[in-house]
Amino acid sequence: MFPEVAAESPLLQHLNPEQRAAVTLPDEHALILAGAGSGKTRVLTTRIAWLLSQGRIGPGNVLAVTFTNKAAKEMMTRLGAMLPVNVRGMWIGTFHGLCNRFLRAHWKLANLPSTFQILDTQDQLSAIKRVMKANNVDDERFPAKELQWFISGCKEDGLRPNMVEVRGEEDRRKVEIYQLYEDQCQREGVVDFGELMLRSYELLRDNDPIREHYRRRFRHILIDEFQDTNKLQYAWIKVLAGEGNSVFAVGDDDQSIYAFRGARVGNMADFVREFNVQHQIKLEQNYRSYSNILDSANELISHNRNRLGKNLRTDQGAGEPVRVYEAPTDMAEAQWMVEEVRHLVRDDVPKSEIAVLYRSNAQSRVIETGLFNAGVPYRVYGGLRFFERAEIKHALAYLRLLENPNDDTSFLRVVNFPPRGIGARSVEQLQDAAKATGSSLHDAVHKTTGKAGTNLAAFVAKIDRMREETQGLTLREIIDVMLQQSGLIDHYKAEREGAERIENLEELVNAAESFVTQEGFGRDAVALPIDEHGSTMLRQSPSSQGLDPSLPEINEPAPDYVPPDADTGETLSPLAAFLTHAALESGDNQAQAGQEAVQLMTVHSAKGLEFDVVFVTGLEEGLFPSERSLADYEGLEEERRLMYVAITRARKRLYLSHSQTRLLHGQTRYNVKSRFFDELPEHALKWLTPKNQSFGGSAFGFGMGYPTTRSTSYKSSETFASPEVPPQKAAPAHGLKPGMKVFHTKFGEGKVQLLEGSGDDARAKIAFPRHGEKWLALSVAKLTPVD
DNA sequence: TGTATGGATCTTTTT
DNA sequence: GATCCATACA
């Protein structure tokens, strides 16, 4: 577009032609299809830097959205390194973080209290349970989890209760509960994650001045991981992007793995159509992996029908072949993996550059045991995170009550914790009293009588006293006072296992401390004083926004409209800001973080990461692809994308393994190797064990005769002690022999290929002309020999 | 009011 | 196998 500029700008120096083209696109809507390892984040950040360096806009005109705090932080860091710009003046953050920021600035118009608090998933569930109890909802017919799923789903689709399509009595009831839950949240001044998005969206949609203001302001909207946006987020973007704005969406449809939580890959196609996108650029140059790995990924994903189409390429050579291993048992698989890891470590591969991936968390146990016994340090991702721990939630509940006494969820969490003689009956009485007057539990306390009333009154008095005493204290002091006065510290001191919890509570003090000191407590933008990103920016010149003075000024008159309640100059108290921070950023995973350790995680949580060596384990039908996803074709495609993500995590070496049997949910399951093996290019693979089984037809499914789950009594560790020798011995006694013809009621006539096991465990691989090869348990399958 | 026992349930996860 | 949850009991 601007060749001279492009050639001159040092920003563009290290970009390939595709990346450069993307970065320097004109101010119009664009979709960047960025394959795995193609420098997506780099393009996104350089685009922002480039826009700013052109001098036509200032930092205040940029809105950049990501899905995780981690991604947002990284973007800010990189941007800060690229340009001498105050990144804090920009709206860079997660969807939820930005919506929070928006609602904090316009709380009045959004019909929220200025102190509104955010419910995380746990809080939401307990709030729903409370609604159900208060309204006598049958939790047999309507499990709370299901309702939570339903409510979140509605919000993700942008649907208020009155907009949900109702078909039948059950729907009607669900919507009714949804409404009751909404009322309760409103009454208590809390919002769940979905609500943050939905309410922001509605305010933008319905309030013309507000919408116009932000439209005028955010000239450039950039979105990361666009394939993961849900319906509501898409609508939010659409309402924000008016005339003259440009939306720069970066995504990879092949890495869309969150449909189960509302993500719509279709948003990419919709975007192109509805925004009349004229610029689409594919980033297909991969800088991560060798070509055997990339070929595998490409070949696999080509089996998906619904894709926009993209092929990764690399300048690096073929590299090592992809190693495939078949184990007899999950334990043997783990043992083999541990052995390989030891070799790698011996060859100076850093442990942190080795990742073991699996489809579901339940699979980590065997792997952990293996590594543990071998004395290899490892780190498991995906456990409880810091702010989700019970003791932290308790402490936060106290803090939230200081901020907002009407927060009934927090009230109930700590009213009797540590125990202070307020049991279920007292609480019930209190809830009745509160319901009668429509007040919060806190306010209803004075209506209760008797011993229960005394205890409750003492509790409320304690909270209220704490609130007064902490007035004007620093955040650290507030938390110290709270920890003492609430009795939490004393309680855990008395508890046998309390030491670690106390440590965590102390860590909370540290977290608060660093939250306050770290470059003002607005590092993550969420906690910035309203003034700084609300009204002030609009009226001041770009240079006072922290824009580097050497950059040209914006040649545009200041917008004339200032949103009403952003104009108060009001700031969030450090405590409120910290609580918001705790809700929006659940904290690091627990860990031996920083330690040199092998990385264990699900494929989902590996997205966005890369390692020199990757093991993908448990590649078995029913597990990966998961049998729950096989119900529909879309589900299978998502599983395949998941596999694609798994493969593309590896830089140098990739291992794929599966096991013939696996202990799952206390039962031994016989598993056929994943169909994904058949979708990989043979030339790129190296079979470490004889390639014997193969997955047959696609008619594999529920009730199709394959006995996936059966209880067995043998101790698998003893039966298959050696990982090197898969048992391929035939067992007699059932009268079948390889080569025999048999008849099956569902699959018809077939030929016995292989036999193994004995007694109840005996099974046979049988080739059916129309249904392919199947492993059948002889004690279950109805087989008749055919002469 | 706190504790013990049985029973159901078990993809994937961020905010 | 393990954990969370609800109900029954001391």
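First the proteins, then the strands, lettered A, B, ... as listed; each starts at 1.
Side-chain nitrogen and oxygen atoms of R261(A) include none within less than 4.0 Å of the OP1 or OP2 phosphate oxygen of dT15(B). Distances shown here put every side-chain N or O of N100(A) at or beyond 4.0 Å from the OP1 or OP2 atom of dT15(B). Between S360(A) and the phosphate of dC10(B), there is no side-chain N or O to OP1/OP2 separation shorter than 4.0 Å.
In this structure, L103(A) atom CG and dT15(B) atom C1' are separated by 14 Å, rounded to whole Å. One atom, CH2 of W236(A), and another, P of dT15(B), lie 16 Å apart when rounded to the nearest Å. Rounded to an integer number of Å, the gap from K145(A) NZ to dA6(C) C1' is 13 Å. As a whole-Å value, the separation of E637(A) CD from dT12(B) C1' is 18 Å. Atom CG in L664(A) sits about 17 Å away from atom P in dT9(B), given to the nearest Å. Taking atom CD1 of I422(A) as the reference point, atom P of dG2(B) lies 10 Å away to the nearest angstrom. One can place CD of E368(A) at 14 Å from C1' of dG1(C), the figure rounded to the nearest angstrom. The NZ atom of K133(A) sits 12 Å away from the P atom of dC5(C) (whole-angstrom rounding).
Listed by chain and residue number, Y398(A) satisfy the side chain to side chain donor-acceptor pair (under 3.5 Å) test with R420(A) (two or more places apart in sequence, or in another chain).
Nearest to the side chain of T94(A), among dT15(B), dG2(B), dT12(B), sits dT15(B). You'll find that the side chain of K129(A) is closest to dC5(C), out of dT13(B), dC5(C), dT15(B). Comparing dT12(B), dT15(B), dG1(C) by their closest approach to the side chain of T121(A) singles out dT15(B). For F260(A), the side-chain atoms get nearest to dT13(B) when compared with the rest of dC5(C), dT15(B), dT13(B). Among the nucleotides dG2(B), dT12(B), dT15(B), the one closest to the side chain of N416(A) is dG2(B).
Residue contacts shown for F95(A) are absent, as no nucleic acid heavy atom lies under 4.0 Å away. Within 4.0 Å of N361(A), counting heavy atoms only, lie sugar-phosphate atoms of the nucleic acid but no base atom. Using a 4.0 Å heavy-atom cutoff across all strands shown, G421(A) reaches sugar-phosphate atoms only and no base atom. Among the atoms of the strands shown, only primed sugar atoms or phosphate atoms (P, OP1, OP2) are found under 4.0 Å from some heavy atom of T68(A). Across all strands, S426(A) comes closer than 4.0 Å only to sugar-phosphate atoms, never to a base (heavy-atom distances).
Checking side-chain atoms of Q667(A) against main-chain N and O of L664(A) turns up no donor-acceptor pair under 3.5 Å. Remark: side-chain polar atoms of D252(A) are paired, donor with acceptor, to backbone N or O of D254(A) under 3.5 angstrom.
Other residues, nucleotides and ligands contribute only 12 or fewer heavy atoms inside 6.0 Å of the CD atom of E634(A).
Aromatic ring centres of H604(A) and Y258(A) lie closer together than 6.0 Å.
Each of E639(A) and K70(A) was assigned the nucleotide of DNA chain B with the nearest heavy atom; the assignment lying further toward the 5' end belongs to E639(A). Mapping S629(A) and P419(A) onto DNA chain B via the closest heavy atom, the residue that lands nearer the 5' end is P419(A).
Stacking between H665(A) and the base of dC10(B) is present: ring centres sit under 5.5 Å apart and the planes differ by under 30 degrees.
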Under 3.5 Å, sequence neighbours excluded: what are the donor-acceptor pairs made by side chains of residues 147-154 of chain A?
residue	atom	partner	partner atom	Å
Q148(A)	NE2	T121(A)	O	2.9
Q148(A)	NE2	Q124(A)	OE1	3.0
S152(A)	OG	Q148(A)	O	2.9

